**Q** 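Before I ask anything, let me first share the structure, which is written out below as structure tokens.
None of these values were measured; they are calculated from a predicted model. These numbers come from the heavy atoms of this one structure, side chains and all, not from hydrogens, waters or symmetry mates. Chain letters run A, B, ... following the sequence lines, proteins first and then strands; every chain starts at 1.
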Amino acid sequence: MSRTDTLMAEYPVKVTNLDKVLWPEAGVTKAEYIQYMIQMARIMIPHYTDRLLTVIRFPSGIHDKSFYQKNIPDGAPDWLKTHPVYSDDSHRDIHYLVVDNTATLLWLANQAAMELHPSYAKIHNLDQPTNIAFDLDPTVKEVDIAGFKKAVRVALHLKEALDDLGLPSYPKTSGATGLQIFIPIAPGYTFEDTRLITQFLAHYIVQKAPDICTIERLKKDRGDKVYFDYLQHWKNKTLSGPYTPRAVPSAAVSSPLSWDELREGVTPDLFTIRTMPRRIAEVGDLFAPMSQPGVEIRDILHFIKHHPTGSL
DNA sequence: GTACCAG
DNA sequence: CTGGTACAACGCTCG
DNA sequence: CGAGCG
Ligand SMILES: [Mn+2]
Ligand SMILES: [Mn+2]
């Protein structure tokens with residue numbers, strides 16, 4: 001008989017198959033994933049609260065079948081918070097899960113929901129993102145640290161440009177191969193507004209570092225360059241959330257970083273389910289500023305509208 | 001991972 | 001009971 | 001419109 005338990009958080013959560021190995025290379029079991037959620041809940045919850053959650057589940061481990069899940073499944077406990085959003089494509093409401101407590105994170109871990117992807121906007125205003133996110137994707141050929149290093153170089157170019165524009169920026173690993181850079185923004189701006197900024201900077205950085213950065217949408221035209229994926233910041237799209245595990249052999253998680261750490265050459269596999277709780281104890285939540293009031297971008301939008309072909 | 005159905 | 005099976009996303013972009 | 005993409 002497989003090991004089972006009922007955990008008492010805000011609500012009782014039944015957990016099953018506790019000894020199932022979800023990350024075989026790292027030897028991480030479901031019990032350890034649940035323990036990770038218990039330790040990280042206080043830090044993670046603010047980054048997911050009031051946001052639509054998309055998850056990727058791997059019920060039999062990272063090397064077996066996986067699937068995206070947006071709708072809350074049948075048989076889910078009734079205390080889970082959900083939010084309906086109409087889908088034009090499937091002509092029905094999608095009942096998204098909204099994380100608002102530890103019990104929900106424990107339930108997700110038991111579901112083998114191993115990747116958590118929150119929306120950019122909060123449920124009370126789904127047309128207004130609370131952040132701008134830049135998604136930097138190495139063109140993957142194999143497990144390749146060179147790709148990540150290149151993404152770091154692109155990120156440092158981007159950081160310089162954002163500094164010049166007076167915008168604060170916070171980087172994190174995706175946990176897989178790439179990097180993401182976030183800016184907290186004030187309420188009142190649409191995805192059309194933020195697209196103006198991400199598109200402008202994508203073009204600007206490609207022009208500044210054409211040997212390592214591309215915006216080619218077709219993979220075959222990207223070469224070995226870093227894909228500056230400005231299309232990823234949009235309504236109904238998501239990125240891996242802060243501190244979410246990823247389905248990679250190392251059991252790496254998405255880790256907020258300091259710019260100095262990036263300059264010093266950290267790599268994604270340094271930050272895992274095993275190491276992140278200790279890191280939190282040491283450096284705290286480097287993404288805490290994302291929960292603070294965001295910056296106004298009105299002046300920058302005005303600037304870009306009058307300099308459509310991009311220079312600073 | 002879970003609900004459900006046929007055996 | 002038990003074993004087998006079905007099911008668990010979506011929508012933008014540009015050629 | 002649909003292949004491609006994430
Ligand atoms: Mn990415
Ligand atoms: Mn991407």
**Q** Would you mind reading off the distance between Tyr86(A) atom OH and dA9(C) atom P, rounded to a whole angstrom?
**A**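 Value for this atom pair: 16 Å.
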**Q** By the 4.0 Å heavy-atom rule, please label Thr16(A) as base, sugar-phosphate, or nothing.
**A**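 The answer is sugar-phosphate, as Thr16(A) gets under 4.0 Å only of primed atoms, P, OP1 or OP2.
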**Q** Using a heavy-atom cut-off of under 4.0 Å over every strand shown, decide if Lys219(A) touches base, sugar-phosphate, or nothing.
**A**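 Sugar-phosphate, no base atom in range.
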**Q** Step by step, would you call Asn17(A) with Ser2(A) a side chain to side chain donor-acceptor pair (under 3.5 Å)?
**A** CA-CA 5 Å; Asn17(A) 296 307; Ser2(A) 51; 3.1 Å; yes
**Q** In whole angstrom, what separates Asp127(A)'s CG from dG11(C)'s P?
**A**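 Those two atoms, CG and P, are 14 Å apart.
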**Q** Distance alone, cut at 3.5 Å: any donor-acceptor contact between the side chains of Ser240(A) and Gln180(A)?
**A**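 Yes - a donor-acceptor pair under 3.5 Å links their side chains.
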**Q** Whole-Å distance between dG11(C) P and Tyr96(A) OH?
**A**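 In whole Å, dG11(C) P lies 7 Å from Tyr96(A) OH.
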**Q** Tell me: CG of Asp221(A) to C1' of dT13(C), nearest whole Å?
**A**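 Taking CG of Asp221(A) and C1' of dT13(C), I get 15 Å after rounding.
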**Q** Taking 5' to 3' order, which nucleotide of DNA chain B is first and which is last to have an atom within less than 4.0 Å of a heavy atom in chain A?
**A**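 Listing 5' to 3', DNA chain B meets chain A from dG1(B) to dA3(B).
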**Q** Within the 4.0 Å heavy-atom criterion, would you say Pro59(A) contacts the bases, only the backbone, or no part of the nucleic acid?
**A**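 Base, at least one base atom sits under 4.0 Å.
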**Q** Indicate yes or no: at least one non-hydrogen side-chain atom of Leu97(A) is less than 4.5 angstrom from one of Trp107(A).
**A**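 Result yes, sub-4.5 Å side-chain heavy-atom pair found.
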**Q** Can you check whether Arg57(A) has a side-chain N or O nearer than 4.0 Å to OP1 or OP2 of dA9(C)?
**A**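 Looking at the OP1 and OP2 atoms of dA9(C), neither is under 4.0 Å from any side-chain N or O of Arg57(A).
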**Q** From the set dC10(C), dC14(C), dG6(D), return the single nucleotide nearest to any side-chain atom of Asp229(A).
**A**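 From the listed options, dG6(D) comes nearest.
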**Q** Answer with base, sugar-phosphate or nothing: what part of the nucleic acid does Lys65(A) contact at a heavy-atom distance below 4.0 Å?
**A**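 Result for Lys65(A) = nothing.
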**Q** Are side-chain N/O atoms of Tyr11(A) and Asn101(A) paired as donor and acceptor at under 3.5 Å?
**A**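 No.
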**Q** Taking the side chain of Tyr230(A) as its heavy atoms from C-beta onward, which of dG4(D), dC14(C), dC12(C) lies nearest to it?
**A**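 Comparing dG4(D), dC14(C), dC12(C) against the side chain of Tyr230(A), the answer is dC14(C).
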**Q** Rounded to whole Å, please give me the gap between OH in Tyr68(A) and C1' in dC7(C).
**A**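 In whole Å, dC7(C) C1' and Tyr68(A) OH are 18 Å from each other.
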**Q** Between dG4(D) atom C1' and Asp137(A) atom CG, what is the distance in whole Å?
**A**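 My rounded result for the distance is 15 Å.
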**Q** Salt-bridged, Lys81(A) to Asp50(A), with N to O below 4.0 Å?
**A**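 Between Asp50(A) and Lys81(A) there is a salt bridge, with a charged N closer than 4.0 Å to a carboxylate O.
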**Q** What residue among Phe134(A), Phe287(A), Tyr170(A) forms ring pair (Phe, Tyr, Trp, His ring centres under 6.0 Å) with Phe182(A)?
**A**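 In the set Phe134(A), Phe287(A), Tyr170(A), the residue that makes a ring pair (Phe, Tyr, Trp, His ring centres under 6.0 Å) with Phe182(A) is Phe287(A).
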**Q** What contact category does Lys20(A) fall into here, base, sugar-phosphate, or nothing, at under 4.0 angstrom with non-hydrogen atoms?
**A**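 Sugar-phosphate only.
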**Q** Quick one: is dA9(C) close enough that its OP1 or OP2 comes under 4.0 Å of any side-chain N or O from Ser87(A)?
**A**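 So the side chain of Ser87(A) is outside the cut-off, no N or O lying under 4.0 Å from OP1 or OP2 of dA9(C).
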**Q** Taking the P atom in each of dC4(B) and dA8(C), what is the distance between them to the nearest angstrom?
**A**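 Their P atoms lie roughly 14 Å apart.
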**Q** Is the distance from OP1 or OP2 of dC10(C) to the nearest side-chain N or O of Arg92(A) less than 4.0 Å?
**A**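 Yes.
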**Q** Between dT13(C) atom P and Glu192(A) atom CD, what is the distance in whole Å?
**A**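 About 9 Å, once rounded to whole Å.
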**Q** Hydrogens and angles aside, do His233(A) and Thr198(A) bring a side-chain donor and acceptor to less than 3.5 Å of each other?
**A**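 There is no such pair (donor and acceptor under 3.5 Å, judged by atom type) between the side chains of His233(A) and Thr198(A).
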**Q** Could you work out which one of dC5(D), dG6(D), dC14(C) sits closest to the side chain of Leu218(A)?
**A**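 Nearest to the side-chain atoms of Leu218(A), counting from C-beta on, is dC5(D).
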**Q** Looking across every strand, which nucleic acid part, if any, lies under 4.0 Å from Thr54(A) by heavy atom: base, sugar-phosphate, or nothing?
**A**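 It contacts nothing in the nucleic acid.
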**Q** Just the rounded figure in Å: distance from P of dA6(C) to CZ of Phe67(A).
**A**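 After rounding, the gap between these two atoms is 15 Å.
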**Q** Closest heavy-atom contact between Ile62(A) and Glu25(A)?
**A**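 Closest heavy-atom pair between Ile62(A) and Glu25(A): CD1-OE1, 4.1 Å.
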